[in-house]
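All values below come from the heavy atoms of this structure, side chains included, with hydrogens, waters and symmetry mates left out. So you know, we letter chains A, B, ... as the sequences are listed, proteins then strands, and number each from 1.
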Number of protein chains: 2
Amino acid sequence: MNPRSDSVTTAEPTSGPDSDASASGRSRGRPPVPKERIVATALKIVDEEGADALSLRVLAQRLDSSTATLYRHFSNRAELINHLIDHTFGGVPVQAAELRSLGWEDACRAMATWMFENLRSHPNIAPLLLAQAPTGPNAMALREVALQVLLDDGFSPRVAIRCYATLARFVLGFAIQLNGEETEDAALAEALRNSGEDNLPATSAVAAFGPVPLDDEFSFGLDLLLTGLAQQRSR
Amino acid sequence: MNPRSDSVTTAEPTSGPDSDASASGRSRGRPPVPKERIVATALKIVDEEGADALSLRVLAQRLDSSTATLYRHFSNRAELINHLIDHTFGGVPVQAAELRSLGWEDACRAMATWMFENLRSHPNIAPLLLAQAPTGPNAMALREVALQVLLDDGFSPRVAIRCYATLARFVLGFAIQLNGEETEDAALAEALRNSGEDNLPATSAVAAFGPVPLDDEFSFGLDLLLTGLAQQRSR
DNA sequence: ACCTGAACACCGTTCAAGT
DNA sequence: ACCTGAACACCGTTCAAGT
């Protein structure tokens, strides 16, 4: 019943040869298709074919199983997706000590950038992230390190949680929009091209500096946030 | 073929009494169910019952029409949604002259806040916004005024488009996450409550200042961005 | 005990058939 | 010319029936 007791990151216990379970006649309670393999396969489908392609039928088929069997491991599609999302935050272990040596500003930049790059390598995950913000164990571990750094550097608890909340929201907001970057840029590029005959002089005057890549917007915005924070702190 | 020629904002031409069209035997080419009514009804469904509830069957039913008829006005669901999104940006006409008198910093804050509040009043629109960034006529008009203000205050074209792109992305990123605010806050609140026994001391130390409302994150972040921009500009 | 095919109530989209 | 019911190929979820 307690969702925390069922850790997403727990790897399947190594069980020797693959055929172990099927060779045994006794039912030992462990399902032949472990959660970790379901989640990994689901993420693979999302990466390769997009979030819309992740149907339980397709997933079951890839696992040589059936949809009804998936409901034995996850009570519904949303729960599967929550595990999938936290899986994304487990790519690289957070090096707490190293980050603390950087000081809050560089540490925050490093963590925000790492988080963004991590989500960047699974751009199709965006629509799934909307369903619920990441509160799985991996996401919480990242939050813990960030808060440690901020508290260490003298931020008050009230300000520290505010800073992390805003930074995390910023990263997620930009990462979510990674989704159809090419499509959006194409649409905006056309709108910019048409700005001349559309009676939009200012837009037309800057159109040559064309759609700004989302990466640039992200690092530009992140720098502004941290500069603003440093400035506000010095007062 | 040119998408711009089919303006979203064009209201149905006033045609006297409602029964006018049905009374006339001649076909004058204008469809009995005007686009504007389709879009408004679709937005109403989204507002009242969420984006998932917007199916073409339900929409057709509310309009006393059929799904196939909708395909006469929109070539697919995506096109309907694009119109729906730009409709959202047409709530209040942008007062260009007034904004220019504020100076770039306050003008940017006012526009970003207005945009956010506008999207805030249609929180269920979030999942739809992911499909494509707003490039409809209303969105472009807003962009035009913002760029005017920035250029007026001496920002270079290169920096001006960068600033607007980043600010708009920031607003959209936060607005998109307005979606399930309560649900997310509840999940985070539980994770914070559990941080004590989960071996997350820093998280536990700030937990009392509990989930930060998204509104606060937004205005905090916006202030940081503008402060950072002013600071970077003075160098 | 665990798994499965088939069912149920939905989708977006298309098309032959009506008026 | 415009509209419509019904079809097609999908969904997530559930359940009786198999082994």
Tell me: CG of A:Leu56 to C1' of C:dC3, nearest whole Å?
16 Å
B:Tyr71 OH - D:dG5 P separation (whole Å)
16 Å
Per the salt bridge (charged side-chain N to carboxylate O under 4.0 Å, His left out) rule, what does the pair list look like for residues 131-142 of chain A, sequence neighbours excluded?
none
According to ring pair (Phe, Tyr, Trp, His ring centres under 6.0 Å), who are the partners of B:Phe174, at least two apart in sequence or on a separate chain?
B:Phe170
Counting only pairs under 3.5 Å, give me each side-chain donor-acceptor contact of residues 50-60 of chain A, with atom names and distances, residues two or more places apart or in other chains.
from, atom 1, to, atom 2, distance (Å)
A:Ser55, OG, A:Val58, N, 3.2

Taking only side-chain nitrogens and oxygens of A:Arg77, does any of them come within less than 4.0 Å of OP1 or OP2 of D:dT13?
no
Separation of atom CD in A:Glu79 from atom C1' in D:dT13, rounded to whole Å
14 Å
Rounded to whole Å, how long is the line connecting atom CG of B:Asp64 with atom C1' of D:dC2?
17 Å
To the nearest Å, how far apart are A:Asp52 CG and C:dT13 P?
12 Å
Can you tabulate the close N/O pairs, meaning under 3.5 Å, that link protein atoms to atoms of nucleotides 6-9 of chain D?
from, atom 1, to, atom 2, distance (Å)
D:dA7, N6, B:Arg57, NH2, 3.4

How close do A:Asn76 and A:Tyr71 get, heavy atom to heavy atom, and via which atoms?
CA-CE2, 4.0 Å
Closest to the side chain of A:Thr69, out of C:dC3, D:dT13, C:dT13, is C:dC3
B:Leu54 has an atom CG; how far is it from atom C1' of C:dC10, in whole Å?
15 Å
Of the nucleotides C:dG12, D:dT4, D:dG12, which one has an atom closest to the side chain of B:Ser55?
C:dG12
So the stems of DNA chain C, runs of at least three Watson-Crick or G-U pairs (under 3.5 Å), are C:4-8 with D:12-16, C:12-16 with D:4-8
CG of B:Leu70 versus P of D:dG5: gap in Å, rounded?
13 Å
From the list B:Leu167, B:Leu130, B:Leu129, side-chain contact (heavy atoms from CB on, under 4.5 Å) with B:Leu172 holds only for B:Leu129
Taking DNA chain D as the partner, which of residues 124-134 of chain A come within under 4.0 angstrom of it by heavy atom?
none
Partners of A:Phe220 by ring pair (Phe, Tyr, Trp, His ring centres under 6.0 Å), sequence neighbours excluded?
none
Going by salt bridge (charged side-chain N to carboxylate O under 4.0 Å, His left out), name the pairs with one or both residues in residues 38-48 of chain A, residues two or more places apart or in two chains.
A:Glu48-A:Arg62
Salt bridge (Lys or Arg N to Asp or Glu O under 4.0 Å) filter on A:Arg109, not counting sequence neighbours, yields A:Asp106, A:Asp223
If you assign A:Ala53 and A:Ser75 each to the DNA chain D nucleotide with the nearest heavy atom, which residue ends up on the more 5' nucleotide?
A:Ala53
Does anything in residues 39-62 of chain A form a ring-ring contact (aromatic ring centres under 6.0 Å, His included)? List the pairs, not counting sequence neighbours.
none
Residues which pass salt bridge (Lys or Arg N to Asp or Glu O under 4.0 Å) with B:Arg193, listed by chain and number, not counting sequence neighbours:
none
Sort and list the pairs that fulfil salt bridge (charged side-chain N to carboxylate O under 4.0 Å, His left out) and have at least one residue in residues 163-180 of chain A, not counting sequence neighbours.
A:Arg169-B:Glu184, A:Arg169-B:Glu217
Ring-plane angle category for A:Phe218 and A:Phe116, please: parallel below 30°, perpendicular beyond 60°, tilted otherwise.
parallel
A:Asn76 CG to D:dT13 C1', straight-line distance once rounded to whole Å
10 Å
